[in-house]
There are 2 protein chains.
Amino acid sequence: MTRTVRIVLVGLGNLGRRFCDLLVQKGPHVEATYGLRLVLVGAADSHGWAYDYHGLDPAQVSAIKQAGGTVAEYTAVGRSGLPAADLIIYEGADVLCEASPVNLSQGAEPGLTHIRTALMRGVHVVTPNKGPLVMAYTELHEMAARQRVQLRFDGTVAGGLPALYLGQRDLRGAVVDRIEAIPNLATGYILELLGDGLSWEKAKARARTEGVLEADPSFDLDGWDAAAKLVILVNAVMGLPARLEDVDRIGITGVGRADIREARAAGRVYRLLATAERRPDGGADLRVSPTIIPTGHFLSTLGRKQMGVVYHTDIYGTIMAAIDEPTPLPSAATMLRDILDIFLE
Amino acid sequence: MTRTVRIVLVGLGNLGRRFCDLLVQKGPHVEATYGLRLVLVGAADSHGWAYDYHGLDPAQVSAIKQAGGTVAEYTAVGRSGLPAADLIIYEGADVLCEASPVNLSQGAEPGLTHIRTALMRGVHVVTPNKGPLVMAYTELHEMAARQRVQLRFDGTVAGGLPALYLGQRDLRGAVVDRIEAIPNLATGYILELLGDGLSWEKAKARARTEGVLEADPSFDLDGWDAAAKLVILVNAVMGLPARLEDVDRIGITGVGRADIREARAAGRVYRLLATAERRPDGGADLRVSPTIIPTGHFLSTLGRKQMGVVYHTDIYGTIMAAIDEPTPLPSAATMLRDILDIFLE
């Protein structure tokens, strides 16, 4: 017995395009294994969208984007100049995959509107977009509960690592007193390149070429990305209503090449570490800062393109998890993980 | 709205007794947070059992066991000489927690009979007991599916680490090509003590005193425990019907103190490593053997009382997880995790 899941995908950058590739690569496997037929009915980028209730060809969407085009050029059903929000209310989607660019200011738009629109229409939401979760964590969860739909955002923290599933579901019954995380890939990579002797400019250029660094480098380098992920972790895993302004945040731009080389000579690594510690008064101290990871610490073995998280709990011991993510594929695959999680339970 | 979950607990050793403590410690929290009232209606050890539909006092059960007694001595409702299987069919349990001693020979009894009995009665099963899963993985899963009840066994692999939830649920959609694991705590601990200069006898005695080593040391030292856990991992995460006899197994008894010291001098650690590698013909090569973990490998930082697992996947990158488990509490807590997983979904 096969069930059809109709997907609308908004945002066709690094993650959205790779998600189309995953639908091509994994569609038959998912249908054979789980009885779910994943059908991409709509896809939008900032120039327009394409819609077909019987299914777009995700390979064509991916090819258009790889060639630098817009999905508005999609054969016969592409339309330019229309906002993605119109696509979301169009017709018959079961789930919205919201992968538009992350925006931590200006109200986390346009992602927040897309997610609100879907939830209000009774459509499940899957998103690796941190902005809306950081800005409106509680509001969106209450809205989803009221509408009896699911909101999944596993891709917002530490790429393809299921840090949130681990922290929310597998630690149920526990109190998490402390979280330590290296949730941002770009900063660790750039710190290592600096340690290799590259200049700041060259290190940033290399990271940008490899798709590791965003167009606006301050998002990563000033610790905004790590802070946003920490806020989501604290809300989701500690159950505390933390906000971005609660994070004591220091980025990596003040770290000198000599500092990194010195740490390296002593066999240690520099990373942008994010920590949250529960206070006796019921709140938590949130901090992001460049840190020399002590030898023997779990996070000390993390390689250049790895991220990790450590949960200190009262009844499950200390649980640590990490991911090696050489390309953004695992981050895109979190949308598949989230969809399967919604429709297989 | 509170839902009552009636629990029968069979096996009151290290894990069963601690599970009673957890019911005392976490019962109010679980009821307040999740609306589940966990009621221990029956408890059995090898001498007898106690049953009360309105609930036993888990604190009294724990106290009796800590004093070296049997639950047959439980006030008013304890009965001696009756087999646990009779308790399971008695009345009105929602879930069986099967924590009787692990037995990899003699048909994995008595655990296997307990689990079969519960499933046939339509009772959910939660167990950290490897034996029945190793001996009858497919049979028990088919039986649970037919009876429309859940079978959970997160505690069978790597103690309190949610290695199975991570591998089965968070990697859905992926192909897992290779698994590397250090799933046994006793061998790593003993290897470290040997490296410290202790004799084999003293190392074993210390591990036994700390509750790390089983009464029958060959279970750990000859690699049976690691092999059993690998078999469960391969069945659950790779989806292949591996059996204990498929494991190419070497224990740690041939490792000399000089070997460990030499590795240590080079900054490396010896561990009993379990690996599974998918073959092109659709099978897998399973191996357990003492191994010097390469520097920089994720598992190389694991401390004396830590366990870990690495999953190599096609779409989620390489995902690694580890636990620091200074006492058996996290292993006992897997039964709470499993119960919450069943009744909250």
Side-chain angles (χ1 to χ4, degrees), chain A residues 18 22 25-26 29-30 33-34 36 154 159-166 169-175 239 267 295-303 305-308 310 312-327 329-334 336-337 339-341 344-345, chain B residues 18 22 25-26 29-30 33-34 38 154 159-166 169-175 239 267 295-303 305-308 310 312-327 329-334 336-337 339-341 344-345:
Chain A
R18 279 188 174 80
L22 275 168
Q25 181 193 342
K26 288 291 183 179
H29 170 71
V30 166
T33 311
Y34 305 110
L36 289 183
D154 184 63
L161 184 70
L164 293 174
Y165 284 117
L166 189 62
R169 193 157 50 185
D170 300 332
L171 302 184
R172 276 190 296 220
V175 174
T295 308
H297 190 287
F298 172 78
L299 294 173
S300 71
T301 49
L302 290 197
K305 290 195 173 176
Q306 298 185 354
M307 293 169 282
V310 180
H312 297 264
T313 82
D314 59 344
I315 61 171
Y316 296 117
T318 302
I319 289 185
M320 312 169 260
I323 186 166
D324 184 60
E325 183 158 333
T327 76
L329 177 68
S331 290
T334 61
L336 177 62
R337 174 188 291 150
I339 288 173
L340 295 178
D341 193 69
L344 294 178
E345 287 182 357
Chain B
R18 278 189 175 80
L22 275 168
Q25 181 193 341
K26 287 291 182 178
H29 170 69
V30 167
T33 311
Y34 305 111
L38 304 181
D154 184 62
L161 184 69
L164 293 173
Y165 283 118
L166 189 60
R169 193 158 50 186
D170 298 332
L171 302 185
R172 276 190 296 220
V175 174
T295 309
H297 190 288
F298 172 78
L299 295 172
S300 70
T301 47
L302 290 197
K305 290 195 175 176
Q306 297 186 355
M307 293 170 283
V310 180
H312 298 263
T313 81
D314 59 344
I315 60 171
Y316 296 117
T318 302
I319 288 186
M320 313 168 259
I323 186 165
D324 184 61
E325 183 159 335
T327 75
L329 177 67
S331 289
T334 61
L336 177 62
R337 175 188 292 153
I339 288 173
L340 295 179
D341 193 68
L344 293 178
E345 289 182 358

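Chain letters run A, B, ... following the sequence lines, proteins first and then strands; every chain starts at 1. Predicted model, so just to flag it, every value in this text is computed and none were measured.
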Fill in the blank from the handout: On a heavy-atom basis, the closest approach of Leu166(A) and Pro162(B) is CD1-CG, 3.3 Å

Options [options], ranked by heavy-atom pairs under 4.5 Å with chain A, top entry:
options                         : value
Thr33(B), Val175(B), Asp341(B)  : Asp341(B)
His29(B), Arg18(B), Arg169(B)   : Arg169(B)
Gly160(B), Ala321(B), Ser331(B) : Ala321(B)

Exercise for the section: Under the salt bridge (charged side-chain N to carboxylate O under 4.0 Å, His left out) rule, collect the residues that match up with Asp324(B), sequence neighbours excluded. Expected result: none

Practice task
Name all residues meeting the salt bridge (charged side-chain N to carboxylate O under 4.0 Å, His left out) criterion together with Arg337(B); count only those two or more places apart in sequence or in a different chain, and write none if there are none.
Solution key: Asp154(B)

Handout entry: Side chain / backbone / both / neither for Val310(B) at chain A, heavy atoms under 4.5 Å
Key = neither

Completion exercise
When the 4.5 angstrom heavy-atom criterion is applied to Ser300(B) and chain A, the contacting part is side chain

Completion exercise
Residue from Thr295(A), Asp170(A), Ile323(A) scoring the most non-hydrogen pairs under 4.5 Å with chain B is Asp170(A)

Problem - Closest-packed option against chain B by number of heavy-atom pairs under 4.5 Å, given Tyr316(A), Phe298(A), Tyr165(A) - result: Tyr316(A)

Practice task
Side-chain contact test, heavy atoms from C-beta onward, threshold under 4.5 Å: evaluate it for Thr313(B) versus Pro330(A) and give yes or no.
Solution key: no

Practice task
Please test Tyr34(A) against Arg172(B) for side chain to side chain contact (heavy atoms under 4.5 Å, CB included), starting from the C-alpha separation and ending with a verdict.
Solution key: CA-CA 9 Å; Tyr34(A) 305 110; Arg172(B) 276 190 296 220; 3.4 Å; yes

Handout entry: Region of Leu302(A) in contact with chain B, defined by heavy-atom distances below 4.5 Å
Key = neither

Fill in the blank from the handout: Bottom line for Ala332(A): the part with an atom under 4.5 Å from chain B's heavy atoms is neither

Exercise for the section: Nearest 0.5 Å please: distance from the CD1 atom of Ile315(A) over to the OG1 atom of Thr327(B). Expected result: 11.0 Å

